[in-house]
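Residue numbers start from 1 in every chain, and the chains themselves are labelled A, B, ... in the order their sequence lines are given, proteins ahead of strands. Everything numeric in this text was worked out from a predicted model, so none of it was measured.
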Protein chains: 2
Amino acid sequence: MANIQQVAQKAGVSVATVSRFLNGNAKVTSKTKLKVEDAIKELNYEPSILGRNLRNSESRLLLVLIPSISNPFYTEIINGIEDTALNHQYNILLCDTDSNPERENIYFDLMRRKLADGIISMDPAVNREKLHELAEHHAIIQCSEYTENGSIPYVTIDNEAAAYQAVKHLIKIGHHKIALINSDETFLYARQRRKGYEKALTEFNLPIQEDWIYHTHQLGFENGQQAVRKLLHLHDPPTAIFTVSDILAIGALKELNARGIQVPNDMAVIGFDKIIFSSMTNPTLTTISQPMYKMGCTAATMLLDKMKGQPVDNITLDHELVIRESTMG
Amino acid sequence: MANIQQVAQKAGVSVATVSRFLNGNAKVTSKTKLKVEDAIKELNYEPSILGRNLRNSESRLLLVLIPSISNPFYTEIINGIEDTALNHQYNILLCDTDSNPERENIYFDLMRRKLADGIISMDPAVNREKLHELAEHHAIIQCSEYTENGSIPYVTIDNEAAAYQAVKHLIKIGHHKIALINSDETFLYARQRRKGYEKALTEFNLPIQEDWIYHTHQLGFENGQQAVRKLLHLHDPPTAIFTVSDILAIGALKELNARGIQVPNDMAVIGFDKIIFSSMTNPTLTTISQPMYKMGCTAATMLLDKMKGQPVDNITLDHELVIRESTMG
DNA sequence: ATTTGACATGTAAACGATTACAAATTAGCT
DNA sequence: AGCTAATTTGTAATCGTTTACATGTCAAAT
């Protein structure tokens, strides 16, 4: 609870000297160094970050906007962000927006009011307009989900190519009736993945059937289960399912299992993300691997660069189709 | 970028008046209110949290120490903490310690240096000594994992009773050879759950066999898989497994499935936590349900009380045995 | 002994809010 | 109108740092 003044007084030097000692940038005689060290120890002094922050007008806090902390996809990315941030003496303020505009506003305000030095947004449901407005005066990076033709730098994967690859794989192993369990198409990634899905079908002269495209607004297991129930009730049900999220795929697998439908023989399933759970299901899940940790590191690095005023380019990371039991006939 | 001074000047009032207007506690004439409002709008003024924090010597930030953000058990608790914190205008700083003392130190320093107003620790591997030292001058609550006879308030469940109940259930459905997959017994919860396990065995005159007790230092799927491999190699393998974490149980299930061992007929399995994924496995996992969200809310409320200087009591929340397919013969 | 320059230290002004306390204004009454 | 009391506003100190600038110190060079 002692402050720098008291340390200075006890050491018989000025506050400037104490500050210099603390920050280690300017030279301090070893004699005074000792005096200051002693005073600090004696008073149990700890420099206040609050005072420093005000003076430096920085908080060394980074905001990370995610729709839900419960999705392992995001937690992996967060690991990458956190490691990178810590390496540069930044801490992260995790903002679970729940895709709720009110919450989002709370967090945007933290930025406006200087409690954060930068933002990494991963929320597909983010208010684009407000985000861009904020971006005029603040450092912002988008991670995974982004806005096309916007002015905010982003790191992502090629969603269309990934979806295309997944669906092509299904076609190659003999499927012609392939369903898509997509999320809300107001999200860019959903539109892109649908595009990849359609591209593959078209390339192989397969019809695009609206019946086989299911939309869900949330990414819970139960939504995958629901989707499967719906798809199975069609008069001409698909024989394979491509899903835009492992969570949905795992729900789908569960429902198929429950109904005694054999995966992959009666129905092949592909997920997206390669979350850790996807290798624990039975059968294991074929999925598109996203470099989540790396994406987090990249986003953080981009943000730090941006904050330094350096120009930053958009980055597209590599994905990979991981073939596992759910598509191995 | 404008500050309160400029707003005051433009509005033709003093900074005190502007401040009062902002905080809405003291009375301001509607006439001056208008003037101030206009000035704020015109200057695009946003009050700086940095300045306020210094003056009030508070950060309105809460530290949450977890061993790993990847474990769904913690993310559910965090949801509870976050909701409660936000309701009281606090934000949380998520601290993934990775059970790494260096990281822990970084975060403890944030507290010492006033960047946090309180801590909720959930890390079983936390340095108890340092934590108690910190607790002498700062508000700290332990959540889930705690220290016996310590001075830090905690919220938890009755681990021994829960384990006892789980193992008793296994015995009741006919098992005599029950393995325990435990984590590191330097952790209190591990010792407590073991105690419950032994209590149940003893009560039914079953021997406690060291062979059937497996210890793992980490809580990954692979650790559960490893444990099963080890247990199956025993000359007298168990017919049921009680696991101190769903993650381990799911790994165990996976390994059993892979070896064609039928669950629950050849081997019954019980997990702990009731993470969401535990209902997606095949078979679904019998487990001890912990009220994770509620635990988070409780911990946060306790911390806020503690910070206000109110006395807080330890709280034990209810658990529940959820019987599902992995123990339904 | 004096000058020069390098280097260490001190002084004091920020950073941007909040809040006792003092001063000024207003309202209420006779 | 004149007085008092209540209410609104202003003044200035404060929170704890950092840092430009001024000052001081000391050794080397003359």
Query raised in the report: Under 4.0 Å: is that the gap between some side-chain N or O of A:Thr29 and OP1 or OP2 of C:dC7?
Result: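 False: A:Thr29 side-chain N/O out of range (4.0 Å or more) of C:dC7 OP1/OP2.
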Query raised in the report: With sequence neighbours left out, what residues match B:Asp38 under salt bridge (Lys or Arg N to Asp or Glu O under 4.0 Å)?
Result: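 Partners of B:Asp38 under the salt bridge (Lys or Arg N to Asp or Glu O under 4.0 Å) test: none.
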Query raised in the report: So, A:Thr17 versus A:Ser14: side-chain donor-acceptor pair below 3.5 Å or not?
Result: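 Result is yes, a qualifying pair exists.
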**Report entry** Base versus backbone protein contacts along nucleotides 16-27 of chain D [heavy-atom cut-off under 4.0 Å; B, S, -]
**Finding:** BBBB--------
Report task. Could you state the atom-to-atom distance from CZ of B:Phe21 to C1' of C:dT19 in whole Å? Result ->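 About 18 Å, once rounded to whole Å.
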Query raised in the report: Could you state the CD-C1' distance from B:Gln9 to D:dG10, rounded to the nearest angstrom?
Result: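 Whole-Å distance recorded here is 15 Å.
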Side chains of residues 86-97 of chain A: which donor-acceptor pairs under 3.5 Å do they make with residues two or more places apart or in other chains?
unit_1, atom_1, unit_2, atom_2, d
A:Asn87, ND2, A:Asp83, O, 3.4
A:His88, ND1, A:Thr84, O, 3.0
A:Asp96, OD1, A:Asp98, N, 3.4
A:Asp96, OD2, A:Ile69, N, 3.1
A:Thr97, OG1, A:Ile66, O, 3.2
A:Thr97, OG1, A:Ser99, N, 3.1
A:Thr97, OG1, A:Asp123, OD2, 2.7

Report task. Please answer whether the main-chain N or O of B:Leu134 pairs with a side-chain N or O of B:His138 as donor and acceptor at a distance below 3.5 Å. Result ->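 No; zero donor-acceptor contacts below 3.5 Å.
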**Report entry** Under-4.0 Å salt bridge between B:Glu82 and A:Arg103
**Finding:**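 Judged by the 4.0 Å cut-off on N to carboxylate O distance, B:Glu82 and A:Arg103 do form a salt bridge.
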